[in-house]
2 protein chains.
Amino acid sequence: MPTNVVSTSGRNPLAQKVKLSTIAEALGLSTATVSLALRDSPLVAEATRERIKEEARASGYIYNRRAASLRTSKSGIIGVCVHDMMNPFYGEILTAIERELDRQQHTFILCNHYDQLAKQRAFIDTMLQLGADGMIMSPAIGTPAADIRLAEENDLPVTLVARTVDGVEVPGFHGDDRRGMRLAVEHLIEKGHRRIAMVGGDDLTSTAREREAGYLAALEAADIEFKPEWRLKGARNRHGGFEAAPRLVALSPLPTAVVCYSDLVALGLMYGLSRAGLTPGEDIAVVGYDDIEEAEIATPSLTTVANGQSEVGRLAARSLLARLQGEDIPLGTQLITPTLRIRSSSEYRPFTLQRTEAASRHA
Amino acid sequence: MPTNVVSTSGRNPLAQKVKLSTIAEALGLSTATVSLALRDSPLVAEATRERIKEEARASGYIYNRRAASLRTSKSGIIGVCVHDMMNPFYGEILTAIERELDRQQHTFILCNHYDQLAKQRAFIDTMLQLGADGMIMSPAIGTPAADIRLAEENDLPVTLVARTVDGVEVPGFHGDDRRGMRLAVEHLIEKGHRRIAMVGGDDLTSTAREREAGYLAALEAADIEFKPEWRLKGARNRHGGFEAAPRLVALSPLPTAVVCYSDLVALGLMYGLSRAGLTPGEDIAVVGYDDIEEAEIATPSLTTVANGQSEVGRLAARSLLARLQGEDIPLGTQLITPTLRIRSSSEYRPFTLQRTEAASRHA
DNA sequence: CTGAAAGCGCTTACAG
DNA sequence: CTGAAAGCGCTTACAG
């Protein structure tokens, strides 16, 4: 009986890693049997399967997905890349995707590209190198068709959300931006507004171009002559709206209503208008776009266009999963129909200005 | 010369995948040389290296990280798991982590656990199975020490942010919540407030407990007797603040000031107060916590406590990377010193109520 | 129902 | 400066 034995603690960093063969040896079985058993194959006798699983548990076995994936060339990984996941608009899409993917045991790798093509390309490369099974992305501004094709040609199916890329034929889902913005502007026109500005966005994204087109179309349909100074371009976030406020207030005559590129822009604009001494929903009507969660509790509550983020996320995830299972799925973009949500911010009752306003409307 | 040749298009899904050996054969070299060359090893002659890289580019070679990782047991993956990345507080931490990790060529896998232990455990398992190099997490409520130890014992070093887990000795970084909340409350007391409520949070997270402790400590130091009805617990988000507003307004006498669990809670509360007809920063002083970006443009601009999210993220990422490189790093939690940011929401000039307020203060 | 053997695509000593 | 060979830990035909 040996003396001077150094007792190794349970936490031994030098301990051999447990692998299939460790379990197989311990039980006098082959790795093939162990592998099958752990994946619940009916080829393995129930009793054997249980012994194997018990041994795996007891020994602290950790399945090595890299090894499995190398062999099977399936990784269980889905890459998801958007402009900025901290933006609630994308956040709501991601939440829906996550919910859908979760039940299928897929691992979900997220990335922001911040509209930097290099970042997006690095992400695509990473997905390729990790052997991701598929990818959902809201493409960065200026994404070349070649980047999407690179993925597709290397067995990495792509589904687009929120934006499109010219020249690629892959499934895509987003709201009907032109139609949605038209709904918003028509709502204001019905309420009697004739001087309607549009704040936020630029002409770089397909989304912004579509929304602007809807805005212009609604004006035209109502025979309202568009004034270039009404189009206040700017960042597509809260800050962009905030910064637009002083520029808007400087306009003369002051528009009586504003549609915004997004809810975030509208919320920022309302902060800015308040600072300028104007009360949104009283002195000036404000409409957002997206119907993010905050729209309802904002004060005044935000009139906006529900853009179907959850549906976009859900459909995109399902479409990708279906494609991975070999189903035939429609290529091309599917538009989600937007809905107007009327709340308080689009009200207008400028007690102090009313008279002048009325006069100038007929000027 | 053969006739009837079927031309294969460039886009051939059946094309053999290009691997190291494909390049090696094409160039009459060994895979060892190709492997070294692609990783810029000085062991390979410059000219050979260039030929190899050119061939890799031309053939559309995609590096197989699973294979490499299986061999080297390094994956280049860092897992990051927080309660909810759409929350700007975590968003700002994540942004800082990302910035730090990016320059080191690490792939960043993100996950929300939504304070669900099962989700968090699934994430840890996934990281283990993918052979992640390390992990940064803001642990879910009730995280057992065993979950962290499981990771650590299987070669997955963990760094904590924002929250702590009792019974584990790993590096952690977060703001000094008790001190920060004390700063906030002392600011209000200095301005003459004696009835100060605290809105949002519960006693489930270490963060909330610390902040509440700071609140109570500041009251006690000023000889103000705490009234239980001043502590309005609730969700740690915008909605939680919004919902607290009616409960707050129902208090009699009405507190003249409120500190909130977070900026999000404060912003929601301000929305709610406005609906109740109270103007934050005039009829009632409001203070937030975190100093998220929106605090500055909110109207009224939000007085708050800068909680060092960026520093937390940066330090956590650096600490983890240092540890991965074998450096000795301090275990245990490092507190970031918070700073008060005085803006408009903590002002108080209740013109209509002034007289009664003054009276009741001396009651 | 179980096992022996090959192979996924890399990297790493080791040899020359 | 370059190559032959082993091996990372799985899964998958195939055989029995």
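Keep in mind that what you see is a predicted model, and the values were worked out from it rather than measured. Below, chains carry the letters A, B, ... as their sequence lines are ordered, and counting in each starts from 1.
Checking the phosphate oxygens (OP1, OP2) of dT11(D), a side-chain nitrogen or oxygen of Arg39(A) falls inside 4.0 Å. Under 4.0 angstrom from either OP1 or OP2 of dT2(C) there lies no side-chain N or O belonging to Thr33(A). Of the side-chain N and O atoms in Thr48(B), one or more sit less than 4.0 angstrom from OP1 or OP2 of dT2(D). A close approach under 4.0 Å does not occur between any side-chain nitrogen or oxygen of Arg51(A) and OP1 or OP2 of dT2(C).
Closest-nucleotide positions on DNA chain D for Ser35(A) and Thr31(B) were compared, and the one nearer the 5' end corresponds to Thr31(B). The residue among Ala67(B) and Leu43(B) whose nearest nucleotide of DNA chain D is located toward the 5' end is Leu43(B).
Closest to the side chain of Arg71(A), from the set dT2(C), dT11(D), dC8(D), is dT11(D). When distances run from any side-chain atom of Ala45(B) to the nucleotides dT2(D), dC10(C), dG9(C), the shortest one goes to dT2(D).
Met137(A) and Met135(A) get closest at one heavy-atom pair: SD-CE, 3.4 Å.
Taking the six-membered ring where the residue is Trp, His83(A) and Tyr90(A) present tilted rings, their angle falling between 30° and 60°.
Gly28(A) comes within contact range of the sugar-phosphate backbone alone, with a heavy-atom separation under 4.0 Å but no base atom that close. Ala32(A) comes within 4.0 angstrom of a nucleotide base, judged by non-hydrogen atoms across all strands. Among the protein residues, Ile23(B) comes within range of no part of the nucleic acid, since none of its heavy atoms lies under 4.0 Å from any strand.
Arg65(A) and Asp125(B) are not joined by a salt bridge, as no carboxylate oxygen comes within less than 4.0 angstrom of a charged side-chain nitrogen. A salt bridge links Asp40(A) with Lys53(A); the closest basic N to acidic carboxylate O contact falls under 4.0 Å. A salt bridge is defined here as a Lys NZ or Arg NE, NH1 or NH2 lying under 4.0 Å from an Asp or Glu carboxylate O, and Arg57(B) with Glu54(B) meets this definition.
Rounded to an integer number of Å, the gap from CG of Leu29(B) to P of dG3(D) is 5 Å. Summarising the geometry, the separation between CG on Leu38(B) and P on dT12(C) is reported as 13 Å, rounded to the nearest angstrom. Following rounding to the nearest Å, Lys19(A) (NZ) and dT11(D) (C1') show an atom-to-atom distance of 16 Å. The interatomic distance linking Leu70(B) (CG) with dG7(C) (P) rounds to 17 Å, in whole Å.
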> Please, what dot-bracket string fits DNA chain D when only Watson-Crick and G-U pairs with both distances under 3.5 Å count, crossing ones use [ ] and pairs to another strand use |?
Replying inline: |||.||||||||.|||

